[in-house]
Structure formats: C-alpha cells, structure tokens
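All chains are named by letter (A, B, ...) in the order of the sequence lines, taking the proteins before the strands, and each is independently numbered beginning at 1. What you see below is based on every heavy atom in this structure, not just the backbone, and it leaves out hydrogens, waters and symmetry mates.
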Amino acid sequence: MSGEADRAEDGGTVEVLIPLALDQAYSYAVPPGLVLAPGDVVQVPLGPRQTVGVVWERGAGRGGNLKAVTAKLDMPPLDGALMKLVDWVAWYTLAPKGSVLALALRRPPEDGPERPKLGVRLVGAPPARMTPARARAIAAAEGGLLIAKSALAEAASVSAAVIDALVDAGTFAVEPLPREAVAAMPDPDHAAPALSEDQAAAAAALVASVRAATYGVTLLEGVTGSGKTEVYFEAVAEAVRLGRQSLILMPEIALTAQFIDRFEARFGVRPGLWHSAVTGRRRERLQAAIASGEAKVVAGARSALFLPYRDLGLIVVDEEHEAAYKQEDGVAYHARDMAVVRGRIENAPVILTSATPSLETRVNAERGRYTHLKLPERFGGRTLPTLGLVDLRQDKPPRGRWISDTLAKAMTANLEAGEQSLLFLNRRGYAPLTLCRDCGHRFQCPNCSAWLVDHRFRRALVCHHCGHVERRPHECPQCHAQESLTACGPGVERLAEEVATLFPQARGIVLSSDFPGGTERLKTELMAVASGEFDIVIGTQLVAKGHNFPGMTLVGVVDADLGLTSGDPRAAERTFQVLRQVTGRAGRGEKPGRALLQTHDPAHPVLKALVSGDPERFYAAEIAAREAAGLPPFGRLAALIVSANNQPEAEAHARALARCAEAPEGVAVLGPAEAPLAVLRGRHRMRLIVKTERGVDLQAYLRGWLARCGKPKGSVRVAVDVDPQSFL
DNA sequence: AGCACGCCGACT
DNA sequence: GTCGGCGTGCTC
C-alpha cells in the first residue's frame, strides 16, 4: 500500500538497502515508536509492493516526503562484519550493492511452524491378514526403533501404502521424528590422526595461527596424498576447541561423500553442509545454527562465504586454484579472494590449500604476504613418476596417427607387464575439425564461429562452446561433393580407434564427460578401471583427478602443446596444472610410474619445468618472463569481450578498453568462441569480462572507460579476476 | 526482482 | 482496428 499511510513526519530517517539490483540504499522515515539500528532487517514499501531490506546506516536521508519503514522483522540483524563484506564486495566487483546483499540476506522465515517428519514404530500385534509385503515391512521394523516412513518402505521394498495399512491395523504407531541435526557438535579429539613429522609441523603452525586469532593467510601446498586435509583438520579441531566457527570452502563438486566420510571419521559427526542442493527448511535451520554460533564447522561451496557466522575463527579454501571458485553470472566474484577479504574483516586466519597453487597465490607466498607451508611430495615413501618428453619432430607418427613409436613401445611393455596405461588427450569427440577435401569448406558453429567437433558415437557435429548440435551430412553443404568430408585432428574417440588397431588384445575404455550412460555409469566405470578391469584408459581432463588408479604405471600425454597456444593469459598456468595432475596419476600404487609427454616444442619452458620435477622452476620462469616484459607479476591485463550478436562492436569496445588501460599490448581480445557457455546463453546484449592482475587500479580505469565510451551505467557487466591483496 | 510504459506483428 | 510480445526504466 502506498500513499499518505506510508509517510511519517518524525522519528528520523534510515538508509535501507534492498536486495535487488540497486546500487544505493533508499531513505525511509522511521515511524514514531520504532527504534532501528544498522543491520536490522525491515520491511519497506517499494513502488507498489512491500520488500525486505536492511538498515544500512542511520539518518543520512535527504529529508522531504519519504515513505516510512513498515515494520522491523523478527530476525537476527546482519552483523557489522557481514555488512562490511557486502560493501567491499560490491565496491570491488562493481556489482550493485543490493545484488551483493541478496547473496548474504537470509530469507525471512517461512510462515507456520515446521511440520515434523513422521516415523513409524513397531508396537502392536501383526495384522489379521498377513501378506508377504506386510511381513517384510514388519521384519524391517524389528527392534521397535522409530524409522522414517520412506526409509522403512525403501528398506523393506514395499510401497508407502503397505505401511499406512499397517498403521491402520495398529501394528505400527506414528510418531514425529526428532529433527535431523543440521550441525552436530564436532569432537576435536574424536580420532586424532597419526601425523608424519612434516605434517605435524605444518599442523602445529596452522594451530598456532588459529590460536593467535588474527588475520593472516597460509598457503598449504602439497600433492594429492600428502595429507593436506588431515593437516588442516587439526586447525579446524583447534577452532572447535576454542569454541569458534570454521568455514571450509570447496569447489561444489568436491563436496562429496568421500570428504564427508573423512570429516566424520576425524570429528565423529558430519559438518554443516552448504551447497545449492540444500534447500528449504534445512537451509533455513542451518543458517540459523550458523548465526547462533551453534554450527561449528560449515563445509560449503562458494556461496557459504556470505553466511552469517557469529564467530568465525578460521577459513579454509580447499583446492584454491580451482576455477569453480569463480562466479561469473550475477555478482561476479572469486570466492577464494573474497574468503581472504572476509578473513581480513573478521580478523581470522585463512588457509589456502592446493597441489598446484595459482600463480597469484604463489606470488603472494613468495613475497611474504602469505605464509608458505609445504608438505613433502608423497606420503608413505612413494616416489613421483619420472617424466620424459617425446619430440614429435623426430619421432613422428604416420599421417592420421597420433601415438609415437616411443609411446607405443612403452604401452606395449606395460601391457605385457599387466600394468595399466592412461592416454591423456584433452579433446572430447572424434575430431576437432571437419573439412571438405574438394572445396575446403570447414564446419563452423552458426552461433559462435568455433569449429564444430565431430562426435561419431552421437553421429553429430557439436559446438563445444554453445552446445549447438547438427547432423553430420554425407555431402559437402557448399560444393555438394559426395564422400569428401575429412576429419582433422584427434579427439579421444579417434584415439580409441588407433589404440584398437595398435593393441587389438588390450581392453580399452574412453572416459570423457560425454560418456554414454551419464555420470552414474561413469562412476561405475571409474571403479572398474581402479580395480584393473581395463588395460588402456583414453581420457580427457576428467581423469586428471579424483579416483585413484593403483595399477596405473604409465601416462601418455598425446599432445602436451595443447592449451599452450591459446590467448588466455593463464594458458601456461592451466596447462602446467593439468599436466602435473594427470602425470601424477602414474605410480600411485606399489610400482613406480612414468609419464611420456609428446610435444613439438621440447624447449617450451612449461614442459621443461614439468620434466625437471621442480615446480618452482615453472613459477620462477613464469614470473621472470612477465617481469622482463614489464608486466605485472602474474597475468597480463586481458579483456574477454563477448557479444552474442554484435561481434564488431564488442571488438571496438575491447580496443577502447585497451586504450583506456594504456596497455594496448597487454590486452587480449578473445572472441565469443572462448566465452563460457553461460555468457552466450545469457540475455545480455553485451557482457564484458575484464581479467586483470595486481598493479592495475581496476576501479579507476573501468570507471574512466565507461565514462569515455559514453556507456550508460549498468549497460556493461564486469566480472573481475584480480587478486584483492593489493586493495587490502 | 516486479511492474509499468512503449512500440511493432497476428487476430476476435 | 486491438491484444500482446518483451526491451527499457524505475522503485526512497
């Protein structure tokens, strides 16, 4: 309701931030009798309707005829630290403040009391009429325990109707189930692990940082299997002992049963779990438990960063280099960076863990901004695989083949020894390009100008950028020549053909994200690989991490140069990380492993650093190269301009940006082909993603650029990829 | 996010 | 002639 009823004459004014895409707080009058403080959640009239908002500050209102706050909601107020975080993130990401608030604001509690779930208990005599289904249900309820209806139905493989009938017969009694604990109290001493000397030393340092209860960032570096998780669990345990809360941020996919089991084994209970699949009342209750301080440990995906912790004593960012920490739609932020910022605001220690730290984290560690803890390479005396390069200029496979003689020999030896081999090729499908032998026509995506990838299993040409699919024709659409279409280059499917010809007796399998049968089938196949049911695995990035394959002793990287040539300023870093991960798959069991990397450029610094076995070399070389070029220590300034419907305009803007940044050579324009799927599908006519690194005053140049281009405010969306350390 | 205003295509 | 598509703009 609007109009005179909303207006009030005295009682002062407040600035209320509304969780919508609004950059400013709005002024409202405070009706007499209402006392409001910053952080209070209120209901306010906005246009024709009522909305929630948060009192952001007091009194700075512009006077005049203001609408009045309708009511103060019965919710815990946002605490000062969280408000500060919202302000900071909005400032830093150039997102409207209200949008950032929307990430942090709890939904007002749903109306009505929570309906408890019902369970049944075996109480009475068996029913007069017995059936096999009824007998199963009764047997499953043996012992008189209270069981959830659905769980009982599942266990006895009967329908809910059978159970309802038994309730009517008086055999079962219905009782409300106790509410599922959303965050039980972890026991810091439930099962303290036996740590190696190095692990114990690292754990002690982390425990000390938790005790000190001051902001500071520690990079905990160690390869998979070095026990990083056990080590940071000690810091979590210490926070629990001190009665303080811990946040463990992880990429969404890492929130797996495996992690939860490890946590439960260490602390006796599950952590509070926060991710997109947690919804409704459960979400609400966990939020309440976090706000009250009752939930001591939260393990969550990036959105967990904005939860209303009451007393945050520790933040852990697991696998800090993961790209999944980057949110690109809506408010664009990097959760790892914002975690550091939250740590600063809350004055809490932050632990970043990784086997292959991102360059910016590495630089921060080297410059002493972060404490650097390293765990020795492998736990339990296992050695790292030996790495070697295969020079494809000398050892050239025949036309249409991609496995060199050297690699093939190594695979044969492995086969004869009964050991597994992995062929890594980060290319899904059969062939990345299809062309007409007669006229040279190349199949291109109508939406994004990328080449269409031939998928033979699916009998289709697929665009890997936007998802466009078309049938693979029999004749050339341009010159109508018959049987003239040729596949160019290898994909995993095509590699599988080559493997089948070279090693007809081997049991091979192709593992990629488009595995026929979906993720469930894929999981069972991964287990089958782990138990040795296949001799040769041909895989994309998917096989780089996760499952352990103890019988794998050889990794062949089919094209180590792939990814080194793209315009992405992080190309070298990404390639280094993925190659390090995938080659590390060899020799995880009893026997030592080795890896062969096929390349046309054996002198490439990334590859040289890799085979040297010393990751420091890579980081040092990368940083030195940038310094020599007069660029910021990590990353060039780069702009990724994406336009689904106006490519020339987008490129013009990129050039304008380059001029504004006064670093024309430092700006790379990447066409929409490289754009993330979400962006192309997005509704925005234009979207600009600016990637920049330390040393560039992002705010200044972007605001300047917007002004100079005469772009109206809000017409360009900006995603940020820059280390916030320089602003702290 | 809603909700209004506004300007171009197929219909009672 | 209107109904309705969603593009743009506004909400203290």
Self-check item: Listed nucleotide nearest any side-chain atom of K67(A), set dA1(B), dC12(C), dC3(B)
Solution: dC12(C)
When the distance from [atom1] of [X] to [atom2] of [N] is rounded to whole Å, what number comes out?
| X | N | atom1 | atom2 | answer |
| --- | --- | --- | --- | --- |
| L22(A) | dC3(B) | CG | C1' | 14 Å |
| N65(A) | dC12(C) | CG | P | 11 Å |
| L20(A) | dC3(B) | CG | P | 12 Å |
| E57(A) | dC12(C) | CD | C1' | 14 Å |
| L46(A) | dA1(B) | CG | P | 13 Å |
| Q24(A) | dC10(C) | CD | P | 13 Å |
| Q50(A) | dA1(B) | CD | C1' | 15 Å |
| D23(A) | dG9(C) | CG | P | 16 Å |

Practice problem: Would you indicate what I18(A) reaches in the nucleic acid, counting non-hydrogen atoms under 4.0 angstrom: base, sugar-phosphate, or nothing? | Solution: nothing
Quiz item: Could you give the distance from CG (L85(A)) to CG (L101(A)), rounded to the nearest 0.5 Å?
Solution: 11.0 Å
Quiz item: Could you state the interatomic distance from CH2 (W451(A)) to NE2 (H464(A)), rounded to the nearest 0.5 Å?
Solution: 15.0 Å
Quiz item: Between F443(A) and H441(A), what is the ring plane arrangement, given parallel below 30°, perpendicular above 60°, and tilted in between?
Solution: perpendicular
Quiz item: According to the side-chain hydrogen bond (donor to acceptor under 3.5 Å, both in side chains) rule, which pairs have a member within residues 307-317 of chain A, sequence neighbours left out?
Solution: R244(A)-D311(A)
